[in-house]
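Both counts, for ligands and for their atoms, begin at 1 and track the order of listing.
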Amino acid sequence: MPTSSDAPPPELLNNDPNGFAWGVWHDRTPKLVQQIRNAHPYGPDQRQALDDLLEEISAGLMTPLPPDVHDHELWTDWGADYFGKPWLDAPFLGSEAYFYRRLLKAVDYFTPGPWQGVDPFDHLKTAELRDPTLEVDLSTLNDLQQLHPEEAGQAKLLASLWGNRADLGFRIGKTAASAEPQTENLVADDSELVWDLLSPTAEVTVVVDNAGRELLADLVFIDHLLQHDLAAAITLHLKPCPYYVSDATTNDFVACLRRLAETPGTASEISRRLWNAVGDGDLRLYTHSFYSAPWSYHHLPTDLVAELKNSSLTIMKGDLNYRRLVGDRAWPPVSNFADLTSYFPGAVAAFRTLKSDVAVGITPAMLITLEQMAPSWRTDGSYGLIQART
Ligand SMILES: O=P(O)(O)OC[C@@]1(O)O[C@H](CO)[C@@H](O)[C@@H]1O
């Protein structure tokens, strides 16, 4: 981290017309609210609540949650600086987390009654698992058996990374046959360090991101680690509730294991091994309310710190986890990843495709090339990174 005399750059706000967040609030989020409203037979109360939310985020001032919700204190604490002020003036990271909390409120996700526990994003997640092209992708896992375990491991690591682009990396096809992992478009690659941190005694944590194709790729990678003695045990950190549309909850983990089991061959073997690993305690499931909280990981609560401290390596999946890990700030891209994450308990790695303004750990030469050749490299999802520190 910068020294105390060296203040960090400002937090990213929603109100920069040139910032990535601008498009999220002016395009993506309004469309999402409308889509959720159209996709469910909600009654008048939920419809009205969704319409009110849409109006509020479009032009209104941020209002607090009612006092009777279970997490009122948490959001009052965060919102003290923002409630009563325009959504557009709030920090991007916290306000988007609050948007998802408000969406769950609007559809009565936590309210005792008929809609309690009904995931408003389930239809989207299910469609991804039912996509006919997935069968072909999962069948190509059989080809990986021909590779040397180290090559197969690297291919699976990269598949887990590119899975974050929802562009399933283990559709390896030519890549598998020629043993050429998909390394193009990597703006940083610390994968050697990641492998160095894995061993038969390693306790690994994977803070997962999206359900569906990304989680399937993560599970294939995790199976590889367990099968090849590269970890003694692995803990999956899942979301405690539906979040950011496709973030994985325990239900989504179960759905992925079931989907893997439907494809004969390697995929179903992986499903069976992981199912047994959960039963044997080698693959643990874990969640914490902090995973849907509005703060960066600099504010980890003590019980989550205690949990992560036991880990030989924590792998952070995806864009949002990356923003929470380094801080959602206007960092110069050449900032040092190890310095910015030195506060985090234990060794940490990030597997992420770039889908927002934040980027660190880029070499000056790489930065010049990216700015010249691919002006939207930070946000268009075509670039990825593997960064790690011991
Ligand atoms: O964490 P993920 O799934 O990789 O990405 C989350 C994301 O799509 O949502 C945010 C905008 O809504 C961005 O930070 C990021 O691009």
Side-chain angles (χ1 to χ4, degrees), residues 11-16 18-36 53 57 87-88 90-103 120-121 124-125 128 158-169 185 187 206-218 236-239 241-249 252 256 290-297 314-331 349-360 376-387:
E11 263 191 295
L12 296 172
L13 303 179
N14 297 326
N15 60 11
D16 174 3
N18 298 315
F20 175 77
W22 188 263
V24 171
W25 293 107
H26 286 83
D27 183 40
R28 179 170 155 171
T29 310
K31 278 188 190 147
L32 176 66
V33 176
Q34 205 60 57
Q35 214 233 25
I36 296 301
L53 179 60
I57 59 166
W87 277 77
L88 274 190
F92 181 33
L93 182 71
S95 58
E96 203 176 12
Y98 186 54
F99 162 75
Y100 283 101
R101 178 62 186 90
R102 290 286 302 279
L103 191 67
F121 312 119
L124 300 168
K125 297 172 180 175
E128 191 170 322
L158 289 168
S160 167
L161 158 67
W162 292 116
N164 181 239
R165 194 169 56 179
D167 174 15
L168 201 59
N185 285 8
V187 298
V206 183
V207 182
V208 297
D209 185 13
N210 296 299
R213 286 177 177 268
E214 180 173 358
L215 184 56
L216 287 169
D218 296 338
L236 274 194
H237 285 214
L238 296 151
K239 292 295 184 307
C241 58
Y243 194 55
Y244 270 78
V245 188
S246 49
D247 279 23
T249 62
D252 301 317
C256 280
F290 191 76
Y291 283 120
S292 56
W295 295 289
S296 74
Y297 290 131
T314 297
I315 298 173
M316 290 284 179
K317 289 293 322 285
D319 196 87
L320 180 63
N321 276 323
Y322 188 83
R323 291 165 57 201
R324 295 185 79 185
L325 178 65
V326 302
D328 205 34
R329 295 177 179 276
W331 297 112
F351 299 180
R352 170 229 187 185
T353 58
L354 281 65
K355 295 185 283 183
S356 66
D357 291 319
V358 179
V360 306
S376 60
W377 65 276
R378 290 169 183 250
T379 55
D380 67 13
S382 53
Y383 288 86
L385 59 77
I386 298 159
Q387 290 175 331

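Against a heavy-atom cut-off of under 4.0 Å, Asn164 is close to the following atoms of ligand 1: 4 (O). Near Glu96, meaning under 4.0 Å from any of its heavy atoms, are these atoms of ligand 1: 10 (C), 11 (C), 12 (O). Atoms of ligand 1 lying under 4.0 Å from any heavy atom of Gly318, numbered from 1 in the order shown and given with element: 4 (O). Against a heavy-atom cut-off of under 4.0 Å, Lys355 is close to the following atoms of ligand 1: 2 (P), 3 (O), 4 (O), 5 (O), 13 (C), 15 (C), 16 (O).
No side-chain N or O of Tyr244 forms a donor-acceptor pair with one of Asp209 less than 3.5 Å apart. Residues Ser382 and Asn185 have side chains that never bring a donor and an acceptor to within less than 3.5 angstrom of each other.
Considering only heavy atoms from C-beta on, Leu93 stays 4.5 Å or farther from Pro294 through its side chain.
The shortest separation from a heavy atom of Tyr322 to ligand 1 is not under 4.0 Å, leaving the residue out of contact. Within the structure, the closest approach of Arg28 to ligand 1 falls below 4.0 Å when heavy atoms are considered.
For ligand 1, the polar-atom distance check finds an N/O of Leu320 within less than 3.5 Å of one of the ligand's N/O atoms. On a distance-only criterion, Arg323 and ligand 1 share at least one N/O pair closer than 3.5 Å. Where the criterion is an N or O separation shorter than 3.5 Å, residue side chain and backbone included, Tyr244 fails it with respect to ligand 1.
Checked by atom type and distance alone, the side chain of Ser95 never pairs as donor or acceptor with a backbone atom of Trp87 at under 3.5 Å. Between the Trp331 side chain and the Val326 main chain, a donor and an acceptor come within less than 3.5 Å of each other. The backbone N or O of Lys355 lies less than 3.5 Å from a partner atom in the side chain of Asp319, making a donor-acceptor pair. Side chain of Asn164 to backbone of Thr353: a donor-acceptor contact under 3.5 angstrom is found. For Glu96 (side chain) and Thr29 (main-chain N/O), no donor-acceptor pair under 3.5 Å exists by modelled atom type.
Summarising the contacts of atom 5 (O) of ligand 1 with Asn321, Asp319, Val245, the nearest heavy atom is found in Asp319.
Using bins of under 30°, 30° to 60° and over 60° for the plane-to-plane angle, the ring pair Trp295/Phe290 lands in the parallel bin.
Contact annotation for Asn210 and ligand 1: only side-chain heavy atoms (C-beta onward) come within less than 4.0 Å of the ligand. Contacts between Asp209 and ligand 1, counted as non-hydrogen atom pairs separated by less than 4.0 Å, involve the side chain only. Residue-level proximity to ligand 1 for Thr353 is absent, since no heavy atom of it falls below 4.0 angstrom.
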